[in-house]
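Notes follow once the structure below has been shown.
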Amino acid sequence: MGLVPVFCFYAFYRRSHLSTKFAQLEELIRPVVEGLGFEFWGLEYLSLGKDSVLRVFIETDAEKGIDVEDCAAVSRQVSAIMDVEDPISGEYNLEVSSPGLDRPLFELSQYQRFMGSVVSLRLRVPFDGRRKFKGQLTGIEGDEVVLLVDNEEYLLPIELIEKANIVPQF
């Protein structure tokens, strides 16, 4: 069993305009969330015309977890900064929530925190004829996630991961 590196288009992959939008949104929203005493877990922006959604995930170390009042407080503050800065043209819905049991993973440090967990992920481009992988998160090597799928370890560059979620184990 060896590592299977995913090189497919990696050298040619460039962050898109959308990635620039994510960076701009994170730059605006992260300080607001952290200023309210929460951890900024990540964000998703789904551009769907008048049904667009900006989803902000917040986390806390507090034993009680995230509740509706926490989400409402963050939503009010994020709404205010978004109204002033206006980084998204057109209408969108703002949603603030905890990451939940099937939490999305956005940064390498989050993958590190959930080492040993089962993860479901989708790549931006196919590798070995597939874009979807589900397996155990076994390591981090540089900027790459190591995923064990059917006794085969895959080395997946974080830049190629479009979406990743923890698979809850009950």
Side-chain angles (χ1 to χ4, degrees), residues 6 8-62 64-114 117 119-127 131-133 137 140 142-145 147 156-168:
V6 178
C8 182
F9 300 112
Y10 183 60
F12 304 104
Y13 179 73
R14 297 284 186 251
R15 288 192 170 244
S16 67
H17 172 70
L18 196 54
S19 293
T20 303
K21 176 65 76 180
F22 274 100
Q24 179 188 18
L25 291 170
E26 182 176 341
E27 190 176 297
L28 286 173
I29 296 169
R30 180 184 289 271
V32 172
V33 171
E34 291 174 351
L36 291 170
F38 300 103
E39 178 184 353
F40 174 82
W41 189 261
L43 64 88
E44 294 176 342
Y45 177 62
L46 307 168
S47 182
L48 306 168
K50 66 179 180 148
D51 295 323
S52 295
V53 177
L54 174 60
R55 192 169 293 128
V56 178
F57 297 100
I58 61 174
E59 182 65 289
T60 184
D61 290 334
K64 73 172 181 81
I66 298 295
D67 61 25
V68 174
E69 290 83 19
D70 297 334
C71 292
V74 171
S75 181
R76 282 190 297 276
Q77 294 299 315
V78 169
S79 248
I81 195 76
M82 295 294 285
D83 288 346
V84 170
E85 297 295 329
D86 200 24
I88 299 174
S89 60
E91 296 180 28
Y92 64 93
N93 293 308
L94 174 62
E95 297 177 5
V96 177
S97 74
S98 99
L101 292 177
D102 61 343
R103 66 184 53 230
L105 300 174
F106 298 97
E107 301 173 3
L108 279 173
S109 62
Q110 294 169 346
Y111 287 87
Q112 186 70 41
R113 282 168 68 173
F114 288 91
S117 297
V119 175
S120 175
L121 62 81
R122 183 174 63 229
L123 299 176
R124 296 181 195 282
V125 295
F127 171 73
R131 289 180 57 207
K132 294 180 180 180
F133 293 82
L137 181 58
I140 303 292
D143 287 342
E144 299 174 320
V145 173
L147 197 67
L156 305 167
I158 188 86
E159 293 294 324
L160 290 184
I161 299 173
E162 182 175 70
K163 183 174 179 68
N165 292 79
I166 298 293
V167 175

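Small disclaimer: the values here were computed from a predicted structure and weren't measured.
When all heavy atoms of G65 and D70 are compared, the pair lying nearest together is O-OD2, 3.6 Å. Considering every non-hydrogen atom in both M82 and L28, the closest pair reads SD-CD1, 4.5 Å. Closest of all the heavy-atom pairs between P104 and P99 is CD-O, 3.7 Å. For I140 against G142, the heavy-atom pair with the smallest separation is CG2-O, 3.7 Å.
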Please test E91 against K50 for salt bridge (Lys or Arg N to Asp or Glu O under 4.0 Å), starting from the C-alpha separation and ending with a verdict.
CA-CA 5 Å; E91 296 180 28; K50 66 179 180 148; over 6 Å; no
May I have the step-by-step check of salt bridge (Lys or Arg N to Asp or Glu O under 4.0 Å) for R113 and E39, ending in yes or no?
CA-CA 14 Å; R113 282 168 68 173; E39 178 184 353; 2.8 Å; yes
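Every residue meeting the side chain to side chain contact (heavy atoms under 4.5 Å, CB included) condition with S75, not counting sequence neighbours, appears here in chain and number order: L94, V96. For K132, there are no salt bridge (charged side-chain N to carboxylate O under 4.0 Å, His left out) partners two or more places apart in sequence or in a different chain. Contacts of L101 classified as side chain to side chain contact (heavy atoms under 4.5 Å, CB included), with partners at least two apart in sequence or in another chain: P168, F170.
With a 4.5 Å cut-off on side-chain heavy atoms, V32 and F40 do not count as touching.
At distances below 3.5 Å, not a single donor-acceptor pair connects side-chain atoms of R131 with backbone N or O atoms of P126. With D102 contributing its side chain and N165 its backbone, the two residues share no donor-acceptor pair below 3.5 Å. Judged purely by atom type and a 3.5 angstrom limit, K21 uses its side chain to pair as donor or acceptor with the backbone of P87.
The local environment of CD in Q24 is crowded, with over 12 non-hydrogen atoms from other residues, nucleotides or ligands closer than 6.0 Å. Within 6.0 Å of the NZ atom in K64, the count of heavy atoms belonging to other residues, nucleotides or ligands exceeds 12. Atom CG of D83 has more than 12 heavy atoms from other residues, nucleotides or ligands within 6.0 Å.
Ring-plane geometry between F106 and F57 is classed as tilted, the angle between the planes lying from 30 to 60 degrees on a 0 to 90 degree scale.
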